[in-house]
There are 2 protein chains.
Amino acid sequence: MTVPPQPATASKSPSASKTPRTARGQRTLRLILDSAAEEFGERGYHEGSIARIAQRAGVAIGSFYTYFDSKEAVFRALVADMSRQVREHVVPHILAAPDRLAGERAGIAAYLDFVRTHKALYRIIDESAFVAEDAYRRHYIDVADGYAVSLEQAFGRGEIRGEVSAGDWQVRAWAIMGMNVFLGLRFGVWSDAEPVDAIAAAAHALISDGLKPR
Amino acid sequence: MTVPPQPATASKSPSASKTPRTARGQRTLRLILDSAAEEFGERGYHEGSIARIAQRAGVAIGSFYTYFDSKEAVFRALVADMSRQVREHVVPHILAAPDRLAGERAGIAAYLDFVRTHKALYRIIDESAFVAEDAYRRHYIDVADGYAVSLEQAFGRGEIRGEVSAGDWQVRAWAIMGMNVFLGLRFGVWSDAEPVDAIAAAAHALISDGLKPR
DNA sequence: CGCCTAGTTGAATCATGGTTCAGGTTTCAG
DNA sequence: CTGAAACCTGAACCATGATTCAACTAGGCG
């Protein structure tokens, strides 16, 4: 878990007064953030408690409020941080592939892999839909937009077919994203049994060739 | 909103004592169920309150507890009922199509249509992941299993391609289901602007032909 | 070495809202 | 008609847990 970078211009933001100014403070903040991720990951937002987060971190309740204005604030910080983490993990795998279609497969595998090792993260992002809807929307809109652009560029290079009208890149992006998310839920969070590569291969076959008989 | 059928053999179940025995009772139960759907649909589970549900239904708080043991109980009843509703709406559209691929398109359109007119439903099913996870799993597992069987049968009839290994029908089912759910969120719940048919067409093209250039 | 700021502490406060319950009122089978 | 079972009522009870705050300690700069 990484401490979110504090914007240099945030002198007016309410969190400015909360930014640690000392090495000790930074250490404590990270401790709290990690503990919060565990707590919310295991118990969920509403069942999770500040007292327990503080306990996990080995600090007093009051220290929590030195760094966050509220329970929701720490949750939002978590969502933003994890949103970044997922993309930082998956995007390089997509870019490293020789073409977009191969990248799609690598991306699914990388995503599944990440979900399996970060189940708390998955739950927190999903639950944000009901706790901090704007953060949830931002996450998925960002991912979808990146996807749509990437697909359109791949089409420009002739790597994928694309006899579609304008808004269809968004539809495709959301469709593929939903596919990945659900596969992540079923074969990442709910079960570890199936090998990641097999799932990625099956998903890739679907995305690549479609269902129409040749 | 339909009152869930009470199992005939449920004499031992805790809800047995809660089953209405009178026409008046049935009326009140339906009133409460509808009000709960509104309340949870608008405010979500944790923000929603029993007092407000009772108020919407025009009954006293105590009457709520005549029919449900707890807040969670009514929420579960809602999830089960809505799970049924979605399938009852969508499945006929799929079956009415001349073949599975056409059915897929009809199914997406029907689903989007349903989501747009039942946004509360969408939210309640989704939130059940964090309130009644077993009910959430049951819903999606049931849908996915139905999907997997349906796809495999279509393959048997030669309507879709299927050079895949055994478990891959599940992967395909979850992939397509996730696709639909996310399209439902983005183009059903979040926005009404795009015509349903255009989205269904784009999604269908993706599922049918894939992304690989011909 | 002072001294000011950043950081720490955790008991006490307080709002919220689910749940209970001790009577009334209505329904309907016999 | 009639009485027991069903229903209805809503104020009061209570557990929970987020948030506050006044006193205390550690760190580092002049």
Side-chain angles (χ1 to χ4, degrees), chain A residues 3 6 10-11 14-33 35-36 39-40 42-78 127 130-132, chain B residues 3 6 10-11 14-36 38-40 42-78 127 130-132:
Chain A
V3 177
Q6 59 273 33
S11 51
S15 63
S17 65
K18 303 282 180 175
T19 301
R21 284 144 214 282
T22 297
R24 178 171 60 141
Q26 304 222 335
R27 219 177 307 136
T28 304
L29 172 56
R30 168 157 308 155
L31 231 33
I32 292 173
L33 232 17
S35 302
E39 174 74 2
F40 289 139
E42 288 174 19
R43 308 225 180 199
Y45 180 75
H46 293 281
E47 297 298 312
S49 90
I50 304 292
R52 213 176 279 114
I53 290 173
Q55 196 172 34
R56 281 181 195 263
V59 303
I61 293 178
S63 290
F64 173 90
Y65 287 95
T66 301
Y67 299 103
F68 297 99
D69 288 321
S70 65
K71 187 182 185 182
E72 191 181 318
V74 70
F75 189 81
R76 284 178 177 277
L78 243 30
E127 191 163 17
F130 306 98
V131 175
Chain B
V3 178
Q6 58 274 34
S11 51
S15 63
S17 65
K18 303 283 181 176
T19 301
R21 282 146 215 283
T22 296
R24 177 171 61 144
Q26 305 223 333
R27 220 178 306 136
T28 304
L29 173 55
R30 166 157 310 155
L31 231 34
I32 292 173
L33 233 15
D34 290 349
S35 302
E38 284 178 32
E39 176 73 2
F40 290 139
E42 287 174 19
R43 309 225 180 199
Y45 180 75
H46 294 280
E47 298 297 312
S49 89
I50 304 292
R52 213 176 280 114
I53 290 173
Q55 195 171 36
R56 281 181 196 262
V59 302
I61 292 178
S63 290
F64 172 91
Y65 286 94
T66 301
Y67 298 104
F68 297 98
D69 287 322
S70 64
K71 187 183 186 182
E72 190 180 318
V74 70
F75 189 80
R76 283 177 178 277
L78 244 28
E127 191 164 17
F130 307 98
V131 175

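The structure presented is a predicted model; accordingly, all values stated were derived computationally and were not measured. In what follows, chains carry the letters A, B, and so on, assigned in the order in which the sequence lines appear, proteins first and then strands, with residues in each chain numbered from 1.
Taking the six-membered ring for Trp and thresholds of 30 and 60 degrees, B:His46 and A:His46 have nearly parallel ring planes, at less than 30 degrees apart.
B:Ala77 and B:Leu33 make their closest contact through CB-CD1, 4.4 Å (heavy atoms, listed as atom of the first residue, atom of the second, distance).
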- Message: One pair to check against side-chain contact (heavy atoms from CB on, under 4.5 Å): B:Phe130 and A:Glu47. What are the steps and the verdict?
- Response: CA-CA 10 Å; B:Phe130 307 98; A:Glu47 297 298 312; over 6 Å; no

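In this structure, B:Thr22 contributes its side chain and B:Gly25 its backbone to no donor-acceptor pair below 3.5 Å.
The separation between B:Lys71 atom NZ and C:dT20 atom C1' is 17 Å, rounded to whole Å.
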- Query: What one-letter contact string describes nucleotides 4-11 of chain C from 5' to 3', where B marks a base within less than 4.0 Å of any protein heavy atom, S marks contact via sugar-phosphate atoms alone, and - marks no contact?
  - Reply: --SSBBB-

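Side-chain contact between A:Tyr67 and A:Val74: absent, with no pair of heavy atoms (C-beta onward) separated by less than 4.5 Å.
Here the range on DNA chain D touched by chain B, meaning any atom under 4.0 Å from one of its heavy atoms, is D:dA6 to D:dG10.
Proximity of residues 44-51 of chain B to DNA chain D (heavy atom under 4.0 angstrom from any strand atom) is not detected for any residue.
Remark: A:Lys18 fails to qualify as a cation-pi partner of A:Phe68 under the 6.0 Å distance and 45° angle criteria applied to the six-membered ring.
Ion pairing between a basic and an acidic side chain is recognised when a charged N comes within 4.0 Å of a carboxylate O; B:Glu42 and B:Arg56 show such pairing.
Looking at B:Ile50, B:Val59, B:Thr28 one by one, the single match for side-chain contact (heavy atoms from CB on, under 4.5 Å) with B:Phe64 turns out to be B:Ile50.
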